[in-house]
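Remarks on the structure that follows.
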Amino acid sequence: MAVKGFAKFVAKRVLTIFLVIVIALYVTIFIANMGGVVDEIVKSTIKMEVAMRFRGPEWQRYDPEEREKLMLQEYELELARRGLNQPFLIRSVIYLWNALTLDLGRAEYLTSDTGSRYVRNIILERLPTTVMLFTTATVLNFLINMAVGLYLSRHHGSKLDKFFIGMAPTSVIPGWFYGIFLILIFASQLHILPYGGLVDVEIVKTRDPFLYAMDVLKHMILPLSSWIISAFFLGCYSNRTFFLIFSTEDYVEAARAKGVPPRQIETKYILRPSLPPIITGFALGLINSWSGAIITERVFNWPGLGTVTYAAINLFDSAVLIGVTVIYAYLLGATVLILDILYGLIDPRIKVQYGR
Amino acid sequence: MSEDEELLEVENLRKWFELRKGLFSSPLYVKAVDGVSFKLKKGEAISLVGESGSGKTTLGKTILRLYEPTGGTIKIKGRDITHLKSNELMWYRRETALIEQDPYGALPSFFSIHRILEEPLIIHKFGNAEERRKRVREVLEEVRLTPIEDFAPKYPHMLSGGQLQRVAIARALTLRPELVVADEPVSMLDASVRIEILNLLRELQEKRKISFIYITHDLTTTKYFSEKLFIMYAGKIVEIGDMLKVVHNPLHPYTEALLKAIPDPDPRNREILRDVPPGEPPNLVNPPSGCRFHPRCPYKMDICQKEEPPVFEPENGRFVLCWLHAKK
Amino acid sequence: MTDTILQSRNLKLYYATRKGVVKAVNNVSFDLQKGESLALVGESGCGKSSLAKAIIRLLPRNIATYTGEVLLEGQDIMKLSDTQFRRQIRWKRISMVFQGAMNSLNPVLKIGYQVAEPLLIHEELDKKEAKKRAVEALRIVGIHESFVERYPFELSGGMKQRTVIAMALVTNPDILILDEPTSALDVITQANIMNLLKKLKKEMQLSYIFITHDIGLSSELADKVAVMYAGEIQEVADADTFYAKPAHPYSQKLMASVPTLRTEKKPEFIPGAPPSLVNPPSGCKFHPRCPSAFDRCSKENPPVFDLGSGHLVKCWWYAK
Amino acid sequence: MENAAAEYSIKGILKQLLTYKSGVFGISLLVLLILISVYTMITIPYSTAIELWRGGENVWIENPRNAQPTWIRYLGKNLPETIKRDSTQAGRVGTIKVLTPIPERNMKLLHISFSFDYEYDDFPSEINIFFTSKYNTSAPLLRIYWIKPSGTKINLMTYIPRSQEERLSLSINPTVSNRLYAYTVNVLGGEPQVPLLVEQAMFAMEDETMNSTLTATPMKGKYELIIEGTLYGEDSDVDAKLIVYGKVYGLAGTDHLRRDLTVALLWGTPIALSFGLTASLTISLLQLLIATISGYYGGKVDSAIQRLTEGYMILPFLPFLILIATFYRLDIWILLLVIIVLSVFGGGVKSTRALVMQIKEYPYIEAAKAYGASSKRIILLYIIPKILPPIVPGLIGSVPGYVFLEAALSLLGLGDPYLPSWGKIIEDSYAGGALYKGHYYWVLEPASMLILTALAFSFLGFALDKIVNPKLREV
C-alpha cells in the first residue's frame, strides 16, 4: 500500500476522532457545570482561601464590617483572576482547553499514592493497573472464545455444541456479578485466594520484585476469572455461529471443492475474510472492559481508575470525576482509532481506495 | 383518431444518480438514463430491451416518477409531470402502475392477499369497504386466482411464484391504470410458468386497452408480447422499431449483436462460435466518448469515437442512434 | 472409439429438514464419455445442482442419505475417504464452476493466488511456478496478466466468471462441472463465455457436465442431454435426437414452452407446479401434470426404457 | 380481516416458543416474577414499602440485626428465634404482672415476671427491655433478676427510668456486664479466659465451658426475668417489654438496620422489571424510529444521524452516567431518562438502519410508492412491521443489561437512596462487609433474584431469536 495514501487515511481518521473527543469533553464540562457544580466548588474553595487570609492577627484591628467588605473585594478579584466572572461560554472554552491538555486541576480530597493532589497524577498513577487487568481479561477472553468457537464449529451438532447453545443465555450476567460469587467461594469459604486488592502489604514489605509480581498475579486470578466466566458461553457460542454462517459462503464451498485442506479453509477462507467483524468485536470488548472496570474494581477493590472513581463519588470530588471521564474519552478514542487503522491494513477495499 | 392519441411523451429524459462524494472532491454521477426521447400511444404495448446496467429499469421507474428526473420532460396526456411533488402526483399514481421482477419480494409478507389488493384502494380513498371488496374480487377474477374465497385470506408465503406474480398483476390493475410498466415480470419464474404469465399480461393489456412498457433483457419473450421494440444500451435508447422488422433486420450493431447472442434450442449450436463483440457494457460514471458502443463495435468509424450520433430515421417509423445510418 | 470416464449408478442424496426428508437426488444413473459434454436440464428445484454436489461430494451438514456408485474410469470414488477424495479427486480429476461465480472468489485474496492455489495444494509447485501457470490459465480465458495482483471486487462480472473458469482449468482436470455458469451474466457476455467453453473443450479434450435450466442455452454445449425432474433423470438422449424428437412428455412440454426468436411457433406453458421433493407424487413424478398420463402412471414409478442407440426414457408410454 | 400475518401473530409465536426448552424456561420464570410483582404491589402498597424501608431503627426495633432467614435452621443448628414478652399483655403465656398499692405510703409494689422455654442451640444476638413508665414526682426504682433453668438467680441491676419511654440494652450495659462477670468467676472458680458476652453469660451452661466465648454453650430449659420495683404516686405505673433477639428472622432475614429483607426483595421485583423493560423498550423503539428515519430518508438526515452514532461509540457511557448521577443525585426514574438519552444513538441504530436499508430496497416498498403510499404510511405500515420481529429478541435480551446497570450504579452508591432495589441491598451488604462476616444470605438473596430475572429474559430472547431468525435454527 502506498504510504502516502495510508497516511492520508490515518490523518483523516485522527481528525474525525479528535473532533468527537472534543465534543465529548465539551459535553462533559457542560454537564458538570450545568448544575453549577464546578463553578460552585471553585468559588467556595476561593472563598475559603480568602477567608483564611483574612483571619490573621493583622486584620483583627479592622472593623468587622470593613473587613467583610475588603474580603469581598479580594474574593471578586480572585474570581476575575481565574476567569470565573466571565460568561459560561468563555469559561467552558477555558475548561475545554484545560481538559484537552490534560490539565485537570487539583483534587479536592483525594491524593495520589505519592501524595500529589493533581488530578492528572492521581489518574495516571491508577491507569496502568486498570489497563493491565482489563486488557489481559479482554485478550484472554478473545483467545479462549475464538479457540473454543472454532472447535465447536468443527464439531457442529455435537453434545458439547448443544451444551454451549443451552448455556449461552447465562452470559447476560456481568463479570462483576460473578465476581461476588467467586469471592464468596474462594475467599470467604475456602480462604485460598484474596478478597481483593492489588497486592498484600506483607509482600510489599519484602521488596522482592518476583514475589511482588507473583502476588499481583494471585490477586488477578479472581477478577480475571469472573470476566472469563461471564463471557465464556456466549462468546464461544457467537463465534461458533459466526464461523458457521461464514462457512456457508459460496467461496468457502468453492475452496472446499478445490480440495483446500480444512485447516487452510479455516484460516484463509473463514477467518481472513471475517477479520473485520472479529476485530470490531475485540475492540468493542476492550471498550466495554474499560467501562466495566469501574464496577469490577469496586467489587474486587482493585486499585485502578474504577476505585478512584468510587472514592471520588463518595467524597464528591468532582475534579477527579471529570478527569476520569476525560481519560475515558481519550482511551475510547484511541481504541477506535487503532481499530480504524487495523481495518485499513486488512481490508483490501480501503487498501486499494487509498493505495492506488 | 382517439386510438392514435399520444399518452406518454418523453423528451430528452435524464436520470443521474449521485455517487457518495468526498468532502472536497466534486461529485460523480452514474448516468443511468442519459437523454431518452420517445412517445407512447394509448393502448400501445412496447418492449424495452437491454442488458443489466443499461438503464432500462431506471427509465421505467423514472417514467413512473419513482425517481425525480435529472433533466428532460415527461408528459402524460400533454400534462408535464416531470417535477411534480408527491402530493400533486396522486392522480398520476392512479393512472399508472408497476409490476416488479421479484414476485417473492413484491408483496408485503405481513398482509393478506385481500389487504394487499385493497391497499391502493384505501390510499386513493376508493369507495367503502363493500365497494373495495367488490373491486378486489373483480381483479382476482381477472388474473384467474379462483376460487377467490380461497385466495383472498391467504398470505403471500402460502402461494407459488406464479400465483404471487398474478397477485402483483392484480394489484397493478386495481386502480384501472392507463399505463403499466412491467419490469422483467417473468425473469424469476420457471420457464414453464413464464409463458402463462406473459399470455395473461397480453390478454389484460388488450382487453383493458392499457399502454404497456415491458422491460426485459430477454429478447425472445418480447416477440409474443408487443408491437414495438426499444433497444437500450448504456443509458440510451439506440434503436426503435416494429418488432418483426427489428428482429429480422436490425439497424444498430448492438441490436445485431444481441440477436446473434441468443441461442435457440438447436443441436447445431455446439458446432458454431457466436459472432459477438467482446467486452462488457461500459461504466456509466465515465461512459465512452462519442457513440457509447464504439469500443465494442465491429463497424467502428472515426466519427463514432468523436461525436455522439443523433437519431436517424432510415425507414419510416424506425429510429436508430448510429452513424452507419447517417444520410450521406 | 470413446471411453466412458464417469458413470453414476443409483446415486441418492437426501437432506433432512424440519419439514421432512428432501429427496434431492433419487436413483440417478448416467454415463459420461471422454471429451463429451452432458447437459443436465431441469427447472429450479429439480435437484440438478444437488446432483453436481453429490458427484464432487460437497455435502451440506443436514445430509440424510448419500449412497450409490460414482465410477471414475471404473474406480468407485464413493468408497474413498474424505481426505482421499479431497487429495485424489477434487480439482485433480474433477473441477467445478459454480453457479454464483460472482461469490465464488474469496474477497480478500488476490486473483493470482486464488487461481494458483489448487496447484500449490495438489501439485505442490513452488509459488513462482504456480504463479506462472496461473498467469497462463488466465491468459487462456482472456484475462491479462496485470490482473494477477488485483482483488475480486476490482473485476467485472464477466471477468470474474472467466477467472473462476481459469481456476477450474489450472490443474488440467478430466471433467469440468459447470453449474449454471452464466446465469448472472448478460446475453452477449454469456455468448462470449460459451464461445470460450466450446474452444476449451475442443483444445483440452475436456468432459463437461453442464447444468442449466435453459434448454436453448443447453444446446450450445450439449453432446448429450439429460432431463431431470423431481430428483430423477427422466430422459437421456444425444443432442440431435433430443432436439429433433424428445420422447418424454415432460421433455416435450419443456421444449414447447421455450420462446424462440427465429421460428414462428407459439410457446405453451405446462399447467400445474413442480412437485415438492419432500412428498413427491406416487408413481411417475410427472403424472399429475402429464397430458398423456394413464392409470399405471399414478401407481408405479416407470423403469428406464431404451429406445435404441442410448436414448433412454423413464415413461410408461414406451412399455411394450 | 386480520392485520398481522399468521406467522407473526402473538399466538403463533407463543406456540412456537413453547416448542423450545429455553422458551418454556424463560416464560415460566417471567410468569413467576410477574406474579411476585403483582402480589407485592397488592400486599405492600408502594407508600408503605417506602416508609418501611426509610423508617430505620424505630420501625424495626423489635427485629434482630443481621439475622439469617428462618429456614436456615433446617440446614444446620437450631438457631434462636426472637422471643418477646410484654407486661401490658399480662396473663398470656409466661407473662405475669402484679401491682400492689400501699396506700398509706402513697407507694406501689411492682412484680413483673417473664418466663420462656429456650431450646435453641445458639445464644441470642441481643437482649433489650423497653420500659414505659408513668410517674409524677420521683422515678420508680426497679430491680432486675435473671433466673436460669438451673435455678441460679442473678441480680442483674437496679434500674431507674429517667423518661417515659426508655430502652435498656442489657447486652451493652456495663453494670449488667460486671455482675455477669462476677457470676462467671463464681461458677468457674476463677477468671475466664475470654469473658463471655452478656447474652452468652445469661444463657450459658454453668460448667467449664463458660471459660471462653468459643466454648460456651446455651443451657436449655425455662428462663425467667423478674422485675421488682417500687413506684411512687397514685397514677404511677411501669410496663416492660422483654425482647430476646434471635439469630433468624422471617423468610429472608434482616440487614444491619434490622430491616426485613423480604420487603426489599419483593419490591425489588416490580422495580427491576419496570426499570429494565422501560429502558429496553424505550431505547429499542426510539432506536428503531431513528434508524428507520435515517435509513428511509437518506441524504443529509441520514449522514447527520450516522455521524452522531459514530460519535456515541466513543462516548464513555458509564463514566458519563456516573458523572451525571453524582452531580445531580437522581431518583431512579430520572436516572432511567438519562440512560435512555445516553443510549438512543447507540449501536442498535446502526444495525437496525442496515436492516432498513435492505428492506427499503424490497420491491414491495417500491410498489407501494408506485401506487401512491405516503412516506409516513410506508414507514409505519410497511417497514416497521417488517423490522419489528427481528429486533424483538434483542429488545427482550437487553432487559437484564439495564437491570444489572441499575444494580451496578447502586453498588457505586449512585442508586436511588430510598427505593428498595436489589442493587441497593447488595450495596448495603457489601458496605456492611457481608462477605467477610459471613452474612452470605444478605448477598445471595438479592443476587438470586437478579439472576432469575436475567435468565428469564435472556432465555426468552434466545428462543425468540431462533423463531424470527430461521438462519440460526439451521446452524
Side-chain angles (χ1 to χ4, degrees), chain A residues 16-17 19-21 23-24 27-28 31-32 34-35 37 153 156 165-166 168-174 176-177 180-181 183-184 187-189 195 240-241 244-245 248 284 287 290-292 294-295 298-299 305-306 309-310 312-314 316 318 321-322 324-325 327-329 331-333 335-336, chain D residues 21-22 25-26 307 310-329 347 397-401 403-405 407-409 411-414 426-427 429-430 434-438 440 443-444 447 450-451 454-455 457-463 466 471-472 474-475:
Chain A
T16 323
I17 287 169
L19 208 71
V20 178
I21 291 177
I23 295 169
V27 174
T28 309
I31 292 170
M34 273 318 278
V37 177
S153 76
H156 164 265
I165 297 174
T170 59
S171 289
V172 284
I173 298 165
W176 61 266
F177 202 74
I180 293 176
F181 290 89
I183 292 174
L184 206 153
S188 304
Q189 281 289 330
Y195 280 90
R240 151 218 181 264
T241 308
L244 284 176
I245 288 174
T248 57
L284 287 179
I287 285 174
W290 306 133
S291 293
I294 297 176
I295 301 150
R298 154 85 176 110
V299 170
L305 276 185
T309 312
Y310 180 62
I313 294 169
N314 282 334
F316 206 76
S318 42
L321 277 180
I322 294 168
V324 167
T325 313
I327 289 289
Y328 267 110
L331 263 183
L332 302 197
T335 315
V336 170
Chain D
K21 270 186 228 147
S22 50
F25 184 67
R307 296 297 87 74
E310 280 156 25
Y312 257 65
M313 192 180 160
I314 300 182
L315 276 196
F317 173 76
L318 200 60
F320 244 63
L321 194 57
I322 287 172
L323 196 77
I324 296 170
T326 315
F327 287 167
Y328 299 83
R329 284 288 149 192
S398 70
V399 171
V403 176
F404 277 110
L405 182 62
L409 288 173
L411 197 64
L412 294 176
L414 293 172
I426 295 184
E427 142 78 351
S429 70
Y430 231 77
L435 290 183
Y436 301 90
K437 294 179 187 162
Y440 301 143
V443 186
L444 288 177
L450 271 167
I451 290 175
L455 293 187
F457 285 102
S458 183
F459 274 93
L460 205 58
F462 264 76
K466 274 187 205 151
K471 209 171 178 186
L472 281 177
E474 282 150 30
V475 293

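To find a chain, count down the sequence lines: A is the first, B the second, and so on, and within it residues start at 1.
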Tell me, side chain or backbone of [X] under 4.5 Å from chain D's heavy atoms, or both, or neither?
| X | result |
| --- | --- |
| A:Leu321 | both |
| A:Thr170 | both |
| A:Ala168 | both |
| A:Leu284 | side chain |

### Query
For the candidates D:Leu444, D:Val403, D:Ile426, which exhibits the highest count of non-hydrogen atom pairs separated by less than 4.5 Å from chain A?
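Heavy-atom pairs under 4.5 Å are most numerous for D:Leu444.
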### Message
On a heavy-atom basis, which atom in A:Gly166 and which in D:Phe459 lie closest, and how many Å separate them?
### Response
O-CE2, 3.5 Å
### Residues forming a ring-ring contact (aromatic ring centres under 6.0 Å, His included) with D:Tyr430, sequence neighbours excluded
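Here no residue qualifies.
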### Query
Tell me, side chain or backbone of D:Ala434 under 4.5 Å from chain A's heavy atoms, or both, or neither?
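Neither part.
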### Task
Answer yes or no: is there a side-chain heavy-atom contact under 4.5 Å between A:Phe181 and D:Ile451?
yes
### Task
Dump the intermediate steps for side chain to side chain contact (heavy atoms under 4.5 Å, CB included) on A:Arg298 and D:Leu412, then the final yes or no.
CA-CA 7 Å; A:Arg298 154 85 176 110; D:Leu412 294 176; 4.0 Å; yes
Option in [options] with maximal non-hydrogen atom pairs under 4.5 Å from chain D:
| options | value |
| --- | --- |
| A:Ile183, A:Ile294, A:Val324, A:Val336 | A:Ile294 |
| A:Asn314, A:Val20, A:Thr16 | A:Val20 |
| A:Leu305, A:Ile23, A:Val299 | A:Val299 |

### Message
How long is the straight-line distance from CD1 of A:Ile165 back to OG of D:Ser22, given to the nearest 0.5 Å?
### Response
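Spacing of OG (D:Ser22) from CD1 (A:Ile165) equals 10.0 Å.
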### Rounded distance [0.5 Å steps], CZ in A:Phe177 versus CZ in D:Phe404
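With rounding to 0.5 Å, CZ (A:Phe177) is 4.5 Å from CZ (D:Phe404).
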### CA sep, side-chain torsions, deciding dist, call: D:Phe457, A:Val172, side chain to side chain contact (heavy atoms under 4.5 Å, CB included)
CA-CA 9 Å; D:Phe457 285 102; A:Val172 284; over 6 Å; no
### Task
Please lay out, stage by stage, how A:Leu19 and D:Arg307 fare under the test side chain to side chain contact (heavy atoms under 4.5 Å, CB included).
CA-CA 11 Å; A:Leu19 208 71; D:Arg307 296 297 87 74; over 6 Å; no
Identify every side-chain donor-acceptor pair in residues 312-326 of chain D under 3.5 Å, counting partners at least two apart or on other chains, and give the distances.
residue  : atom : partner  : partner atom : Å
D:Tyr312 : OH   : D:Val341 : O            : 3.0
D:Thr326 : OG1  : D:Ile322 : O            : 2.5

